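To start, the structure itself, in structure tokens.
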Amino acid sequence: MQPVNIHLANILQKILSTHFEVDHSFAQIQKSDRPDLADYQTNCALVLAKQLKTNPRALAEQLIAHWPKDDPTHITIAGPGFINFKLTDQQLVSTLNQQVSSTFTNQEVANQTIVFDYGGPNVAKPMHVGHLRSSIIGECLKRLYQFAGAKVIADIHLGDWGTQMGMLIVGLHQQHPDWPYFNQNHIGPYPQQSPITLADLETLYPKISAACKEDSDLAEKCRIATQELQQGRPGYLALWQHFIDVSISAMKKEFNRLGVSFDCWFGESRYQEKLQPLVDLFRGKKVAEICDGATIVEVEEPSDNKPMPPVILQKKDGGFLYATTDLATIDERIQDFKADQIIYVVDNRQALHFEQIFRAAEKIGWHVPWTFVGFGTMNGPDGKPFKTRAGGVMKLKDLIDTLTATAKERLLNAERDHNFSDQERQQTAEQIGLAALKFADLQHDPKQNYQFDIDKFMRFEGKTGPYLQYAAVRIKSLLAKADLNTEKTSLQLPSSVPNAARDLLLHLIRLPEVLNETLKHNSPNILCEAAFQLAQAFSRFYNEAPVLTETDSALKEFKLRLCQQTYKTLKVYLDIIGIDIPARM
RNA sequence: GUCCUCGUAGUUCAGUAGGAUAGAACGUCGGAUUCCUAAUCCGAAGGUCGCAGGUUCGAAUCCUGCCGAGGACACCA
């Protein structure tokens, strides 16, 4: 399958190279900025004219004079030298037919093994909205790369080995000094069943964490407990395993509800054994050095125009850091997973950290194409990080529950409740709530902060997830009534194509270029914008051109096939975004 | 202090090969339902693209300075 823009670009490129001897980078075709004049356009004459110091309009004339006579595209020159392309209706229809009968792949990523690092929740801490962006964006990119033909591996990269573990151990010791986990002389196995629940941990953690800030002796105790855990004290390890078990089972439920899944549930603890050998390797190769007792890697380069602190691999007390674990993780991903690329979906604030890490990796001779997809904060209407009305951190579960409850109310009040069973109503409401949440996030450039106004997104109107779902649901309902033969999928050009249908066709054939563009920038908002525009084009078509009552049978068939393809295309977009299409709404 | 990101309609955001009339959603105002789901559609009003210079035939886009917001900066993650 060849997207139209690529088809046109190929012709352009051939002309440019044979008649103008310029490199192919000039052969770019884009969607027209003036839909009233054209479908696609190229600005290459303007750009090239500058370089060749000639008149852009004359250059455009020369250029299209070489356009192959058998290509039916209608070409015009406008303004200072824009070259405009208008496709024939037949071209649109056959492009769509071709698109339907072939599978999309992106040559750059097809057959690559790509590791995605996202989610990154911490054991024993409740998931809050801060984890939402990483999870939603990461999941979306993973699905996109998979759709484009890559072999993807999603790793949650659990925070399970830091100081918070020592804090929890000390906290529990204070509450239950009699538990066998704290008794150094305890002989025999520890209880199989966890004596604590996740709820216990979630209340304990903020308390002990706050207490440590006040009390430096307590903080020191926690540090020691962490160290003992890391050195393998059996009672602590047994207790720690309970933390992991209760946390993971809760996380699995939450991620499952969100539609986010991982292939690996690896945590930082996985690399514990590998950290000292890793430091030794860096030292052995003289990449690392000792400075003030700590082992560091200098990663500054002469070309830097900003301060670039060294990476600290090992603290002077012998402890390891985030950086050490991250490097060990990279090593495994390259050596064992044979990763061709690693994509990190992590908070923007960690940009410097990852730049340091990858410089260190380069210095030791690991050459991994890596991509840091940094995302901004999710802010409340006040422009500050999103909080509950009471001012606390909002738990993910509460957020989803709120949205679901609103959706449910809407289903009941708007007389849209199709005699739903309680179960179907709940499920539909949840699908709608999640669609609103995900689309609100993904429609924004991930790099930027965005403002999440819960009241606004609970209205479910306009540029929202539910709008896209609604369009899909209407098509589904329409197709069900039409009793369409679904084995056949191709469209046959009718004697005349209504304007709204032509516009819809144009949006449908953009699918491959939209996917490619989204991949190129790792920006789901590009895909979301296109999906929204497709749904808009459909809604317009739906209002202007009644399908089922169409009397011209060829035109009716054409319209139905168009609806069918719109549904399929919309579903491709929504599947990547992670939005379910309800049966009814 | 140094560096990074950002400043576009009343609001939230799109908009990088420098290019045609700066787009969308919400909100406001006006209209559409004997007809496939009105969570829909159509129309209107609304902009000195933070400010000031510069480069260019042409700048929201590139350069410089200033103002404003957020963030990062060696033993936390």
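Computation of the quantities below employed the complete heavy-atom set of this structure, encompassing side-chain atoms and omitting hydrogens, waters and symmetry-equivalent molecules. Here the structure is a predicted model, which means the values were calculated and not measured. Naming convention: chains lettered A, B, ... in sequence-line order (proteins, then strands); numbering from 1 in each chain.
- For A/K306, counting side-chain heavy atoms from C-beta on, the closest listed nucleotide (B/A74, B/A25, B/C3) is B/C3.
- Counting heavy atoms from C-beta on, the side chains of A/L59 and A/L48 come closer than 4.5 Å.
- Listed by residue number, A/S539, A/R540, A/Y542, A/N543, A/A545, A/P546, A/V547, A/L548 are the residues of residues 539-549 of chain A with a heavy-atom contact under 4.0 Å to RNA chain B.
- Side chain of A/E461, nearest nucleotide from B/U40, B/A17, B/C76: B/U40.
- Residue A/R459 places its side chain closer to B/C26 than to any other of B/C26, B/C75, B/G58.
- OP1 or OP2 of B/C76 sits under 4.0 Å from a side-chain N or O of A/K315.
- For the pair A/E355 and A/K306, the salt-bridge criterion is met [side-chain N within less than 4.0 Å of a carboxylate O].
- An aromatic stacking contact between A/F82 and the base of B/G19 is absent, as defined here by ring centres under 5.5 Å apart and ring planes under 30° from parallel.
- Among the nucleotides B/U12, B/C75, B/U2, the one closest to any side-chain atom of A/I312 is B/C75.
- Between B/A25 and A/Q536, a contact under 4.0 Å exists linking OP1 or OP2 to a side-chain N or O.
- Of the candidate nucleotides B/A77, B/C6, B/C73, B/C73 has the atom nearest to the side chain of A/L352.
- Remark: A/D441 engages A/R133 in a salt bridge, criterion side-chain N to carboxylate O under 4.0 Å.
- An OP1 or OP2 oxygen of B/C41 is reached within less than 4.0 angstrom by no side-chain nitrogen or oxygen of A/Y470.
- Take A/D580 and apply the salt bridge (Lys or Arg N to Asp or Glu O under 4.0 Å) test, not counting sequence neighbours, and it matches no residue.
- Ring planes of A/W240 and A/W161: perpendicular class, angle over 60° (limits at 30 and 60°).
- Side-chain proximity of A/P310 to B/U40, B/C36, B/A74: nearest is B/A74.
- Residues A/H521 and A/K463 both approach RNA chain B. Their nearest nucleotides, taken by heavy-atom distance, put A/H521 toward the 5′ side.
- Under the 4.0 Å criterion applied to side-chain N and carboxylate O atoms, A/E298 and A/K363 are not assigned as salt-bridge partners.
- Secondary-structure annotation of RNA chain B gives the stems B:1-7 with B:67-73, B:10-13 with B:23-26, B:28-32 with B:40-44, B:50-54 with B:62-66, with a stem taken as at least 3 successive Watson-Crick or G-U pairs whose two distances both fall under 3.5 Å.
- In this structure, A/D33 and A/I296 both approach RNA chain B, and ranking their closest nucleotides by distance from the 5' end singles out A/D33.
- Distances shorter than 4.0 Å separate none of the side-chain N or O atoms of A/K384 from OP1 or OP2 on B/A69.
- Between A/R349 and the phosphate of B/U5, there is no side-chain N or O to OP1/OP2 separation shorter than 4.0 Å.
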